[in-house]
K.L.:
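Sharing a structure with you now.
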Amino acid sequence: MKNEIRLHDGELNVMELLWSNKELAARDISKIIKEYIGWEKNTTYTVIKRLIDKGAIVREDPGFICKANVTKKKIQETETNILLDKFYGGSLVNFINSYMMNYRMNEEERAALLQLAQRKQS
């Protein structure tokens, strides 16, 4: 897991924009982030640079066009595995048991979970 890309919340804000827009100029990312989060241009550009350094974003010129270089699914898988390892000894069963002890599922959710488990066995 040493080569896995880890992203913090601020970096995820930028990545979410790229995952939903495929590519954006850095200046457009900065404008959108300023409007919704309030970051200044320099902060956004610093985060973009860190994402480039991590390999999460590729930059194309002219126009400093940014594209995601890692899928959202890959980041979700990485973070899920880290969560399971860190808090549940890598056990999905331990996680589900803990979650179900603290969360009231309705009948529809129980049926959906059972259906998922059955489908996974096939």
Side-chain angles (χ1 to χ4, degrees):
M1 292 245 284
K2 291 181 182 176
N3 294 333
E4 301 290 339
I5 295 174
R6 301 279 321 268
L7 303 177
H8 67 67
D9 289 346
E11 292 168 337
L12 282 170
N13 290 325
V14 172
M15 292 304 295
E16 287 289 351
L17 284 174
L18 292 176
W19 288 324
S20 60
N21 292 284
K22 306 297 181 223
E23 65 179 47
L24 286 169
R27 70 179 177 278
D28 294 330
I29 294 171
S30 179
K31 288 176 189 174
I32 294 166
I33 294 286
K34 171 79 172 164
E35 181 179 341
Y36 289 99
I37 299 174
W39 290 357
E40 294 301 323
K41 179 179 169 181
N42 287 343
T43 302
T44 302
Y45 277 47
T46 298
V47 172
I48 290 170
K49 168 97 172 68
R50 277 199 315 250
L51 288 165
I52 291 168
D53 291 345
K54 287 182 176 187
I57 288 177
V58 291
R59 171 190 166 175
E60 296 178 1
D61 287 315
F64 203 137
I65 304 300
C66 298
K67 295 180 181 180
N69 195 39
V70 63
T71 65
K72 184 174 184 175
K73 182 177 181 189
K74 183 64 177 162
I75 296 299
Q76 288 171 325
E77 289 171 3
T78 297
E79 293 299 328
T80 299
N81 288 332
I82 288 167
L83 173 83
L84 287 174
D85 288 343
K86 185 175 182 177
F87 293 109
Y88 301 98
S91 170
L92 180 60
V93 172
N94 289 345
F95 167 74
I96 291 172
N97 183 52
S98 175
Y99 189 79
M100 289 177 67
M101 297 295 282
N102 296 301
Y103 177 75
R104 281 206 148 120
M105 287 192 296
N106 62 36
E107 194 58 43
E108 184 178 305
E109 290 169 316
R110 275 193 291 276
L113 188 57
L114 184 57
Q115 185 178 21
L116 279 172
Q118 289 171 340
R119 190 173 345 138
K120 189 67 177 167
Q121 287 179 340
S122 309

K.L.:
Once ring pair (Phe, Tyr, Trp, His ring centres under 6.0 Å) is applied, what residue pairs with a partner in residues 69-92 remain, sequence neighbours excluded?
P.N.:
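Sorted pair list: Tyr88-Phe95.
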K.L.:
Mind checking what makes salt bridge (charged side-chain N to carboxylate O under 4.0 Å, His left out) contact with Asp61, not counting sequence neighbours?
P.N.:
Arg59
K.L.:
Salt bridge or not for Glu11 and Arg6, using N-O below 4.0 Å?
P.N.:
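Not counted as a salt bridge, because no side-chain N and carboxylate O are separated by less than 4.0 Å.
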K.L.:
Run the side-chain hydrogen bond (donor to acceptor under 3.5 Å, both in side chains) test against Glu108 and tell me which residues pass, sequence neighbours left out.
P.N.:
none
K.L.:
Got a second to check how far Arg104's CZ is from Glu109's CD, nearest 0.5 Å?
P.N.:
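Those atoms lie 12.5 Å apart.
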K.L.:
Do Thr78 and Val70 come close enough that some side-chain heavy atom pair is under 4.5 Å?
P.N.:
no
K.L.:
Measure the spacing between CG of Asn81 and NZ of Lys86 and express it to the nearest 0.5 Å.
P.N.:
14.0 Å
K.L.:
Rounded to the nearest 0.5 Å, how far does CG of Leu17 lie from CG of Leu12?
P.N.:
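Here the interatomic distance stands at 11.0 Å.
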K.L.:
Linking directly or through intermediates, with side-chain heavy atoms under 4.5 Å: list the remaining ILVMFWY members grouped with Met101, chain and number order.
P.N.:
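Reading the cluster by chain and number, Met101 sits alone, since nothing else belongs.
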K.L.:
Do Leu92 and Leu113 sit in the same hydrophobic cluster, where Ile, Leu, Val, Met, Phe, Trp and Tyr count as joined when their side-chain heavy atoms come under 4.5 Å apart?
P.N.:
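Linked within one cluster.
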K.L.:
Could you list the residues that satisfy side-chain hydrogen bond (donor to acceptor under 3.5 Å, both in side chains) with Glu60, not counting sequence neighbours?
P.N.:
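Partners of Glu60 by the side-chain hydrogen bond (donor to acceptor under 3.5 Å, both in side chains) criterion, ordered by chain and then number, come out as Lys67.
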K.L.:
Could you work out, with side chain to side chain contact (heavy atoms under 4.5 Å, CB included) as the rule, every residue matching Ala68, not counting sequence neighbours?
P.N.:
Met15, Leu18, Trp19
K.L.:
Would one find more than 12 heavy atoms of other residues, nucleotides or ligands at under 6.0 Å from atom CG of Asn102?
P.N.:
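Result for CG/Asn102: enclosed.
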K.L.:
Could you list the residues that satisfy side chain to side chain contact (heavy atoms under 4.5 Å, CB included) with Asn69, not counting sequence neighbours?
P.N.:
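Applying side chain to side chain contact (heavy atoms under 4.5 Å, CB included) to Asn69 gives Val58.
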K.L.:
With sequence neighbours excluded, tell me which residues meet side-chain hydrogen bond (donor to acceptor under 3.5 Å, both in side chains) with Asp53.
P.N.:
Lys49
K.L.:
Could you list the residues that satisfy side chain to side chain contact (heavy atoms under 4.5 Å, CB included) with Thr71, not counting sequence neighbours?
P.N.:
Lys73, Lys74
K.L.:
Same cluster or not: are Ile52 and Ile5 linked, directly or through other Ile, Leu, Val, Met, Phe, Trp or Tyr residues, by side-chain heavy atoms under 4.5 angstrom apart?
P.N.:
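Looking at the clustering, Ile5 is in the same group as Ile52.
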K.L.:
I'd like to check the ring pair (Phe, Tyr, Trp, His ring centres under 6.0 Å) partners of Tyr103; sequence neighbours left out, ordered by chain and number.
P.N.:
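Scan of Tyr103 (ring pair (Phe, Tyr, Trp, His ring centres under 6.0 Å), adjacent residues dropped) gives Tyr99.
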K.L.:
Run the numbers on Asn13 and Val47 for side chain to side chain contact (heavy atoms under 4.5 Å, CB included), then give the verdict.
P.N.:
CA-CA 10 Å; Asn13 290 325; Val47 172; over 6 Å; no
K.L.:
Please table the atom pairs, donor to acceptor, closer than 3.5 Å between any side-chain atom in residues 26-42 and protein atoms at least two apart or in another chain.
P.N.:
unit_1	atom_1	unit_2	atom_2	d
Lys34	NZ	Glu40	OE2	2.7

